[in-house]
Amino acid sequence: MTTFDIHAAMAILRAEMPRFPKPLIDGMGEEEANNPFRILIATILSLRTKDTMTAVVAPRLFAVADSPEKMLALSEEEIAELIYPVGFYRNKARTIRAICRRLIEEHGGKVPADLDALLALPGVGRKTANLVLTAGFDLPGICVDTHVHRICNRWGYVQTRTPEETEMKLREILPFEYWKEINGLLVTLGQNICHPTSPRCSACPLAHLCARVGVERSR
DNA sequence: AAAACGGGGGC
DNA sequence: GCCCCAGTTTT
């Protein structure tokens, strides 16, 4: 059991996080916000990469190809050229084409709105699949990336070793009303305050709730 | 459980 | 120069 007050924490985050720049997916415009294809491809681009870098590259790519058919019309080299700065660009270009081929062959050219179908796509793991469900389709899901995993453990809200374990625990204990929000809010907190190393606890609006597990107090 | 993929930005 | 970054796959 945990004594961490999740309701208080989420209320504070809802109030405080909007003053920071929005994460990539949350920052997408109205048209893109519910475009599962763009969410999916942008998430592939963002693997182990600064999301500010993805924000530069994604519009460049979508201007040329915003559907599986148009994307597949580009060669691996052409895609790699367009997305170069994100890193892993050869892998990602190959993965993007493989995904688009599968979308056309097995899903009528649409992104499936189903967790298992998403996980079956090449290069798609639990983080990406859950982000597409929640951000792309407004369906239930909990997207656990390194920020969510780290911060929930620092809080003392969960005690887990891996992001997957964190997701499964959150499915048990996180009130349903927060499922779709927790990723965006914790990414913002993680990028701006609760950094992986040297978190700025003195600037954190949740400091009074946090167990600060694994966090060194600074002065 | 650990390595590999990989270039750009911050310090 | 060195370390980190909205992970996933393979060994």
Side-chain angles (χ1 to χ4, degrees), chain A residues 13 17 20-28 32-33 35-62 76-77 79-100 102 111 115-137 141-154 160-168 170 179-200 214-216 218:
Chain A
L13 290 174
M17 289 307 100
F20 293 102
K22 293 188 175 181
L24 172 65
I25 301 299
D26 291 349
M28 282 188 168
E32 294 159 320
N35 183 327
F37 180 71
R38 292 196 181 206
I39 301 283
L40 173 57
I41 301 303
T43 306
I44 297 298
L45 292 177
S46 74
L47 299 188
R48 300 301 293 166
T49 302
K50 292 258 193 232
D51 70 338
T52 51
M53 199 57 54
T54 305
V56 171
V57 163
R60 198 186 299 169
L61 179 62
F62 294 143
E76 193 175 307
E77 291 73 19
I79 296 176
E81 180 97 10
L82 286 164
I83 67 175
Y84 184 81
V86 297
F88 295 99
Y89 54 91
R90 264 184 269 275
N91 263 342
K92 289 174 182 176
R94 185 158 43 245
T95 299
I96 287 170
R97 293 190 86 253
I99 288 175
C100 291
R102 290 273 296 276
V111 177
L115 181 62
D116 289 327
L118 287 165
L119 288 173
L121 295 172
V124 175
R126 300 199 66 85
K127 182 262 179 181
T128 302
N130 277 293
L131 189 60
V132 170
L133 284 184
T134 56
F137 290 109
I142 302 179
C143 174
V144 176
D145 55 31
T146 54
H147 290 298
V148 174
H149 175 62
R150 176 183 71 255
I151 294 172
C152 284
N153 275 282
R154 279 186 179 166
T160 51
R161 305 300 307 276
T162 66
E164 176 171 1
E165 198 184 333
T166 301
E167 184 201 324
M168 298 315 172
L170 290 179
W179 280 29
K180 286 178 289 193
E181 276 185 288
I182 190 166
N183 180 265
L185 290 173
L186 264 54
V187 168
T188 303
L189 181 68
Q191 290 175 338
N192 295 287
I193 297 173
C194 196
H195 299 134
T197 58
S198 68
R200 301 191 297 133
V215 175
E216 296 173 38
S218 51

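Chain letters run A, B, ... following the sequence lines, proteins first, then strands; residues in each count from 1.
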Q) Between A:G123 and A:D145, who's closer to the 5' end of DNA chain C by nearest nucleotide? A) A:D145
(Q) Let me spell it out: for each of A:G184 and A:L119, pick the nucleotide of DNA chain C with the closest heavy atom. Which residue's pick is nearer the 5' end? (A) A:G184
Over how many whole Å does the gap from [X] atom [atom1] to [N] atom [atom2] extend?
X: A:M53; N: B:dG6; atom1: CE; atom2: C1'; result: 13 Å
X: A:N130; N: C:dT8; atom1: CG; atom2: C1'; result: 14 Å
X: A:R90; N: B:dG8; atom1: CZ; atom2: P; result: 12 Å
X: A:I41; N: C:dT8; atom1: CD1; atom2: P; result: 14 Å
X: A:L47; N: C:dT8; atom1: CG; atom2: P; result: 6 Å
X: A:R150; N: C:dG7; atom1: CZ; atom2: P; result: 10 Å
X: A:E164; N: C:dT9; atom1: CD; atom2: P; result: 12 Å
X: A:K92; N: B:dG6; atom1: NZ; atom2: P; result: 9 Å

[N] and [M]: how far apart are their [atom1] atoms, nearest whole angstrom?
N: B:dA3; M: C:dC3; atom1: P; result: 15 Å
N: B:dG6; M: C:dT10; atom1: P; result: 13 Å
N: C:dA6; M: B:dC11; atom1: C1'; result: 22 Å

So, does [X] get its side chain near the phosphate of [N], meaning an N or O under 4.0 Å from OP1 or OP2?
X: A:N91; N: B:dG6; answer: yes
X: A:T54; N: C:dA6; answer: no
X: A:Y89; N: B:dG6; answer: no
X: A:T146; N: C:dG7; answer: yes

Does [X] reach a base, just sugar-phosphate, or nothing at all? Heavy atoms under 4.0 Å.
X: A:T128; answer: sugar-phosphate
X: A:P85; answer: sugar-phosphate
X: A:V148; answer: nothing
X: A:P163; answer: nothing
X: A:T43; answer: nothing

Beyond-backbone contact of [X] with [Y], side-chain heavy atoms, under 4.5 angstrom:
X: A:K50; Y: A:P85; result: no
X: A:C143; Y: A:T128; result: no
X: A:I79; Y: A:R97; result: yes

Q. Take atom CD in A:E165; do more than 12 heavy atoms of anything else shown fall under 6.0 Å from it?
A. yes
**Q.** Minimum heavy-atom distance between A:E76 and A:R90, given as atom pair plus value
**A.** OE2-O, 4.2 Å
Q) Under 3.5 Å, is there a donor-acceptor pair linking the side chains of A:N183 and A:T134? A)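 Result is no, nothing qualifies.
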Q: Go through B:dG7, C:dT8, C:dC5 for me and flag the one nearest to the A:K127 side chain.
A: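 The closest nucleotide is C:dT8.
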